[in-house]
2 protein chains.
Amino acid sequence: MKDAHSPACRTISSLLQRVGDKWTVLVVMSLGDGTKRFSELRREIPSVSQRMLTLTLRNLERDGLVSRTVTPTIPPRVDYELTEMGRSLREPVGSLADWALKHVDTIDRARERFDAEQDEAKAA
Amino acid sequence: MKDAHSPACRTISSLLQRVGDKWTVLVVMSLGDGTKRFSELRREIPSVSQRMLTLTLRNLERDGLVSRTVTPTIPPRVDYELTEMGRSLREPVGSLADWALKHVDTIDRARERFDAEQDEAKAA
DNA sequence: CTGTATCCCGGAAGATACTG
DNA sequence: CAGTATCTTCCGGGATACAG
């Protein structure tokens, strides 16, 4: 990873932007347990709007990370499930999650310290 | 990670949004090699604007991931370096990078296939 | 129940010019 | 060289209403 603007780094960066969007990780984690219906996902992630849940799932489906199964009953039923590739994503995301949990306190303190320094600099 | 809207998941999600922003990973990777000056970073990441590089570095500094050293000569010289915590971030990011490189082709094909299906659905 | 279609707003980020 | 300031543009995402 010597070359920060190499195709490889761009690839990684664009993937991180996808995974790092507002809802993707929450949906992937929620689907980690197994198949879920649309309405179940909404219940488990109360803060997501209908629109954004749909868009997030569509993008995941487009990338081959989630499969979508429609049962054309009335009312209709749609089940979402991680694909094999989707499940494999949980491992590296888990590594990052572990890192986050381990360092979140340190980061919070660093931020407070930085902001405090900014304030006293402004006061001067 | 049963509960998708638990504080832990929110923490992870917010970290991913930070790491997943447009420039952070490129800067962290570029600093992986060692200390770099502002102008060196600009050269290595040609697509970043001066403004966004400054903002990205400030955020990383605020989080305690990057240290900033000013040498008040004329012209001034500023060196950036990953902190210990910043270096530790490279490992989980590397895992995600490996995943990305391994699956990028599959994802690209999945997208093409999905988009093609969308088109033919629209044609009907 | 599972979407799609619109409208709208705030923040992210580019371009440009200026400063110590 | 290493920023800051300002203006503007663009897009993610929320709210709402409607549809199959």
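In what follows, chains are A, B, ... by sequence order, proteins preceding strands, each numbered from 1. Just so it is clear, the values below take in all heavy atoms, side chains as well, and ignore hydrogens, waters and symmetry mates.
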Distance-only criterion, 3.5 Å: show the donor-acceptor pairs between side-chain atoms of residues 105-112 of chain B and protein atoms not counting sequence neighbours.
{"from": "Arg111(B)", "atom 1": "NE", "to": "Asp63(A)", "atom 2": "OD1", "distance (Å)": "2.6"}
{"from": "Arg111(B)", "atom 1": "NH2", "to": "Asp63(A)", "atom 2": "OD1", "distance (Å)": "3.3"}
{"from": "Arg111(B)", "atom 1": "NH2", "to": "Asp63(A)", "atom 2": "OD2", "distance (Å)": "3.3"}

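Counting to the nearest Å, the P atom of dG11(C) and the CG atom of Asn59(B) are 15 Å from each other. We find that NZ of Lys36(A) is positioned 17 Å from P of dC1(C), with the value rounded to whole Å. Distance Glu40(A) CD to dG3(C) P: 13 Å, rounded to the nearest Å. Straight-line distance from the NZ atom of Lys22(B) to the C1' atom of dG11(C): 14 Å, rounded to whole Å. Distance, Arg37(B) CZ to dG3(D) P: 10 Å, rounded to whole Å. Protein atom CE of Met52(B) is 15 Å distant from nucleotide atom C1' of dA5(D), rounded to whole Å. Distance, Gln17(B) CD to dG12(D) C1': 11 Å, rounded to whole Å. Leu55(B) places its CG atom 12 Å from the C1' atom of dG14(C), with the value rounded to the nearest Å.
Side-chain atoms of Arg51(A) and base atoms of dG13(D) include a donor and an acceptor less than 3.5 Å apart.
The 5' end of DNA chain D is approached more closely, in terms of each residue's nearest nucleotide, by Trp23(A) than by the other of Trp23(A) and Gln50(A). Between Ser39(A) and Asp21(B), the residue whose closest nucleotide on DNA chain C is further toward the 5' end is Ser39(A). Summary of the strand contacts: Thr54(A) and Pro75(A) both lie near DNA chain C, and taking for each the nucleotide with the nearest heavy atom, the more 5' one is attributed to Pro75(A).
Residue Tyr80(A) has no polar side-chain atom (N or O) positioned under 4.0 Å from OP1 or OP2 of dC1(C). Taking side-chain N and O atoms only, Arg18(A) has no distance below 4.0 Å to OP1 or OP2 of dG12(D).
Taking the side chain of Pro76(A) as heavy atoms from C-beta on, and the options dT2(C), dA2(D), dT4(C), the nearest nucleotide is dT2(C). Side-chain proximity of Ser49(A) to the nucleotides dG14(D), dG14(C), dT2(C) is greatest for dG14(D).
Within the 4.5 Å cutoff, the side chain of Val78(B) has heavy atoms near those of the Arg68(B) side chain.
When the salt bridge (Lys or Arg N to Asp or Glu O under 4.0 Å) test is applied to Asp21(A), no partner is found at least two apart in sequence or on another chain.
Residue contacts for Arg42(B): at a heavy-atom cut-off of 4.0 Å it reaches no nucleic acid atom on any strand shown.
Checked options Arg43(B), Lys36(B), Glu40(B); the residue passing with Ser30(B) is Lys36(B) (criterion: side-chain contact (heavy atoms from CB on, under 4.5 Å)).
One finds the CG atom of Leu96(A) at 5.0 Å from the CG atom of Leu16(B) (value rounded to the nearest 0.5 Å).
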